[in-house]
Participant: 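Okay, handing you the structure first.
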Amino acid sequence: MNIDQKFIAQRNRQGGDDGVIPLINVVFLMLIFFMVAGQIQKSDPIKIIPPDSINEQRAESEPNVLLVVGQEGDIYLNDESVLLDQIEPRLTDLFDRAPAPDSFWVQIKADGDLSIETLRPIFSKIRASGLTKVSVATQLGHGDEE
C-alpha cells in the first residue's frame with residue numbers, strides 16, 4: 001500500500017498533464033476530419049427551392065452540365081450566368097468536347113415556384129442543341145396530405 005501512495009504522490013508532483021496531450025491530438029484530428037467532410041457538396045450560385053417529388057430515385061452519376069434557374073428567371077450554366085440565347089451554343093460546344101458523349105446529360109435545378117411556361121424555352125434550347133438526356137432536380141416531398 002505504501003507503493004500506491006508513492007506513485008500517487010509522484011503523479012501529483014508532475015502535474016498530471018500527460019493525459020491532456022492525446023486528447024488534444026484527437027480533437028485536432030476530429031476538427032480536420034469535419035472540415036474536409038463538410039465540403040462535399042458545393043452550393044448553387046443562387047438560392048432556389050426545388051419542387052417537391054415523391055420519387056426517391058436519384059441519379060447515379062453527377063451531371064455533365066447543371067442549369068440553375070432562379071425565381072427571377074436568372075439562368076446559370078455550370079455556375080456562370082448566361083442568357084437564354086446562349087444556352088444552345090454552349091451546350092453544343094460542351095457536348096462536342098465531352099469524352100463520353102453517350103453518358104452526357106443535363107440537370108435542371110429550377111425553383112419550385114416557376115411555371116412550366118417559364119421553363120419551356122429552356123427545354124426548347126436544350127432540345128435544339130441535340131441533347132436528349134435531361135433531368136429536373138427535385139426534393140423529396142410527401143405530397144399534399146390532408
Side-chain angles (χ1 to χ4, degrees), residues 4 7-8 10-146:
D4 290 337
F7 284 120
I8 291 172
Q10 184 180 8
R11 186 183 67 201
N12 288 342
R13 280 195 306 266
Q14 292 177 349
D17 289 338
D18 293 337
V20 174
I21 294 173
L23 180 65
I24 292 172
N25 291 342
V26 169
V27 169
F28 278 118
L29 286 174
M30 288 175 58
L31 176 68
I32 292 169
F33 171 77
F34 286 114
M35 286 174 56
V36 171
Q39 299 295 325
I40 292 176
Q41 184 179 12
K42 69 177 187 172
S43 62
D44 294 326
I46 53 176
K47 183 171 172 45
I48 62 164
I49 300 172
D52 290 337
S53 171
I54 58 172
N55 185 3
E56 294 184 24
Q57 185 176 357
R58 298 289 177 222
E60 295 178 9
S61 64
E62 290 293 317
N64 298 88
V65 177
L66 178 64
L67 274 170
V68 179
V69 184
Q71 266 186 331
E72 306 298 322
D74 303 336
I75 304 171
Y76 288 85
L77 191 140
N78 288 342
D79 295 336
E80 186 178 326
S81 180
V82 294
L83 299 173
L84 182 63
D85 294 337
Q86 295 174 326
I87 293 175
E88 182 183 344
R90 298 279 298 273
L91 287 177
T92 304
D93 183 49
L94 290 170
F95 180 72
D96 290 342
R97 292 188 289 140
D102 293 337
S103 62
F104 191 91
W105 66 286
V106 177
Q107 184 176 48
I108 299 174
K109 284 179 98 172
D111 198 274
D113 292 336
L114 289 175
S115 68
I116 191 66
E117 294 303 319
T118 306
L119 296 175
R120 191 178 307 266
I122 296 172
F123 282 109
S124 296
K125 295 294 183 182
I126 293 171
R127 180 180 291 152
S129 70
L131 297 174
T132 57
K133 295 181 183 177
V134 180
S135 171
V136 177
T138 59
Q139 64 182 351
L140 187 58
H142 300 292
D144 292 335
E145 297 177 7
E146 296 180 13

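What you see is a predicted model, and the numbers here were worked out from it, not measured in a lab.
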Participant: Going from CG on Leu67 to CG on Leu77, what distance comes out if it is rounded to the nearest 0.5 angstrom?
Facilitator: 4.5 Å
Participant: Do you know which two heavy atoms are closest between Ser135 and Trp105, and how far apart they sit?
Facilitator: CB-CZ3, 3.5 Å
Participant: At their closest point, which heavy atom of Phe95 faces which heavy atom of Pro101, and how far apart are they?
Facilitator: CE1-O, 3.5 Å
Participant: I'd like to know if the side chain of Thr92 reaches the main chain of Glu88, judged simply by a donor and an acceptor atom lying under 3.5 Å from each other, with no hydrogens or angles considered.
Facilitator: yes
Participant: Hey, what do you get for CE (Met35) to CD1 (Ile32), rounding to the nearest 0.5 Å?
Facilitator: 7.5 Å
Participant: If you compare all heavy atoms of Pro50 against all heavy atoms of Ala137, which two are closest, and at what distance to 0.1 Å?
Facilitator: CB-O, 3.8 Å
Participant: Within the distance-only criterion (no hydrogens, no angle test), does the side chain of Asp111 pair as donor or acceptor with the backbone N or O of Gly70 below 3.5 angstrom?
Facilitator: no
Participant: To check you understand the geometry: which heavy-atom pair defines the closest contact between Asn64 and Ser103, and what is its length?
Facilitator: OD1-O, 3.3 Å
Participant: What distance separates Gln107 CD from Ser61 OG, expressed to the nearest 0.5 Å?
Facilitator: 9.5 Å
Participant: Going by salt bridge (charged side-chain N to carboxylate O under 4.0 Å, His left out), name the pairs with one or both residues in residues 96-108, residues two or more places apart or in two chains.
Facilitator: Asp93-Arg97
Participant: Please walk me through it: do Ile48 and Tyr76 pass side chain to side chain contact (heavy atoms under 4.5 Å, CB included)?
Facilitator: CA-CA 12 Å; Ile48 62 164; Tyr76 288 85; over 6 Å; no
Participant: A side-chain contact here means heavy atoms from C-beta on lying under 4.5 Å apart; do Gln139 and Ile49 qualify?
Facilitator: yes
Participant: Which residues satisfy the side chain to side chain contact (heavy atoms under 4.5 Å, CB included) test with Phe28, sequence neighbours excluded?
Facilitator: Ile24, Leu31
Participant: Can you name the side chain to side chain contact (heavy atoms under 4.5 Å, CB included) partners of Glu80, sequence neighbours left out?
Facilitator: Arg90
Participant: Measuring from atom CD1 of Ile108 to atom CG of Leu114, what distance do you get when rounded to the nearest 0.5 angstrom?
Facilitator: 11.0 Å
Participant: Compare every heavy atom of Pro121 with every heavy atom of Leu84, then report the nearest pair and how far apart it is.
Facilitator: CD2-CB, 3.7 Å
Participant: Supply the atom-to-atom distance Leu131 CG to Lys125 NZ, rounded to the nearest 0.5 angstrom.
Facilitator: 14.0 Å
Participant: List the steps and the verdict of side chain to side chain contact (heavy atoms under 4.5 Å, CB included) for Lys133 and Val106.
Facilitator: CA-CA 6 Å; Lys133 295 181 183 177; Val106 177; over 6 Å; no
Participant: Could you grab the distance from atom CD1 of Ile87 to atom OG of Ser129, nearest 0.5 Å is fine?
Facilitator: 9.5 Å
Participant: Between Phe104 and Leu94, what is the shortest heavy-atom contact and its length?
Facilitator: CE1-O, 3.8 Å
